[in-house]
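What follows is one structure encoded as structure tokens, with my remarks underneath.
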2 protein chains.
Amino acid sequence: MIESRDLLFRALADPTRRALFERLCEGGEQSVGALTAPSGISQPAVSKHLAVLRQAGLVAGRHAGRQSYYRAQPAALAPLVDWTGRMTRFWEARFDDLDDVLKRMDQ
Amino acid sequence: MIESRDLLFRALADPTRRALFERLCEGGEQSVGALTAPSGISQPAVSKHLAVLRQAGLVAGRHAGRQSYYRAQPAALAPLVDWTGRMTRFWEARFDDLDDVLKRMDQ
DNA sequence: TTTACCCATAACCAGATAATTATGGATTGG
DNA sequence: CCAATCCATAATTATCTGGTTATGGGTAAA
């Protein structure tokens, strides 16, 4: 549970992995070869990054003959959105508290 | 520019740093000592994490006598929210494209 | 002033990480 | 069947990272 959120944050920490995820979000399903070509790194490196993204739930893979196709799963971003929302809400709640204090001081 | 987003993602990749940020969001401004006590790690480690968070813009520091107080700056999360939104929008756009294709096939 | 305290930085170390090359399994094409 | 292609995994390596202890500067307290 807390573990999966950690996987998510960690997976997105690497710029190369984010670039792969962005490509898949923007360009749809693509083969490992298609992802490797413009990446500037070796094919094994791409495969490893995809494995990390898959473990975090951010991508899903599919085999077709001798190629593997990967597609983005942006729904996996939900925990991240939740977390940022919660942090912001804490923040706003503190402002509300401050408002309360100020209002009480007015009286 | 693109650098700052990387700082942000990387800063949030570590669970200890996220915990510090959460504490500051939830509990408001706190001294290094107050943050160290329940953290389970040494004071220098906390100081270094706070430096990373500060470089990412996620916290701000203030000196008062011999103590340093830090507070959260959740507004720094904005680029992250933007990014997740963009990724999700790409995704939805692709669904729209698929809808178009299906509608054309119906005709 | 002298002592104690708070914090940041330095120096160092162990484990994680991201890259490479080498290899092999599975599949397609000739 | 044979050769070529695609991809994942293994092995290796250099670098990054997160932790520690040691230290010192600055402030408060005695």
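Throughout, a chain's letter reflects where its sequence line sits, starting with A, and its residues are numbered from 1. Owing to the predicted nature of the structure, the values given are computational and were not obtained by experimental measurement.
- Note that CE of Met87(A) and SG of Cys25(B) are 5.5 Å apart. Values are rounded to the nearest 0.5 Å.
- Closest approach of Ala72(A) to Phe21(A), counting heavy atoms only: CB-CE1, 3.9 Å.
- Checked by atom type and distance alone, the side chain of Gln30(B) pairs as donor or acceptor with a backbone atom of Gly28(B) at under 3.5 Å.
- In this model, the phosphate group of dC6(D) is not approached by any side-chain N or O of Gln67(A) to a distance below 4.0 Å at OP1 or OP2.
- Phosphate proximity of dC6(D) to Tyr70(A): absent, as no side-chain N or O sits under 4.0 Å from OP1 or OP2.
- Phosphate proximity of dG19(D) to Thr16(B): present, with a side-chain N or O under 4.0 Å from OP1 or OP2.
- The interatomic distance linking Leu7(B) (CG) with dT17(D) (P) rounds to 11 Å, in whole Å.
- Pairs passing the salt bridge (Lys or Arg N to Asp or Glu O under 4.0 Å) check and including a residue from residues 56-73 of chain A, sequence neighbours excluded, read Glu29(A)-Arg62(A), Glu29(A)-Arg71(A).
- Nucleotides of DNA chain C that come within less than 4.0 Å of any heavy atom of chain A span, from the 5' end to the 3' end, dT17(C) to dT28(C).
- Looking at heavy-atom distances under 4.0 Å, Tyr69(A) makes no contact with the nucleic acid at all.
- The line from CD of Glu22(A) to CZ of Phe90(B) is 8.0 Å long, rounded to the nearest 0.5 Å.
- At a non-hydrogen distance threshold of 4.0 Å, Gly65(A) from residues 52-65 of chain A come into contact with DNA chain C.
- Contact of the Trp83(A) side chain with the Leu12(B) side chain is registered, since non-hydrogen atoms from C-beta on lie closer than 4.5 Å.
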Scan the side chains in residues 47-56 of chain B for donor-acceptor partners under 3.5 Å anywhere in the protein, sequence neighbours excluded, and list what turns up.
from, atom 1, to, atom 2, distance (Å)
Ser47(B), OG, Gln43(B), NE2, 3.1
His49(B), ND1, Arg17(B), NH1, 3.2

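- Listed in residue order, the members of residues 24-33 of chain B having a heavy atom less than 4.0 Å from DNA chain C are Ser31(B), Val32(B), Gly33(B).
- One interatomic measurement links the two molecules: CZ of Arg17(B) to P of dT17(D), which rounds to 9 Å at whole-angstrom precision.
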Enumerate all atom pairs, one protein N or O and one N or O from nucleotides 20-25 of chain D, separated by less than 3.5 Å.
from, atom 1, to, atom 2, distance (Å)
dT20(D), OP2, Ser42(B), N, 3.0
dT20(D), OP2, Ser42(B), OG, 2.6

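- With contacts defined as side-chain heavy-atom distances shorter than 4.5 Å, the pair Thr16(B)/Ile41(B) qualifies.
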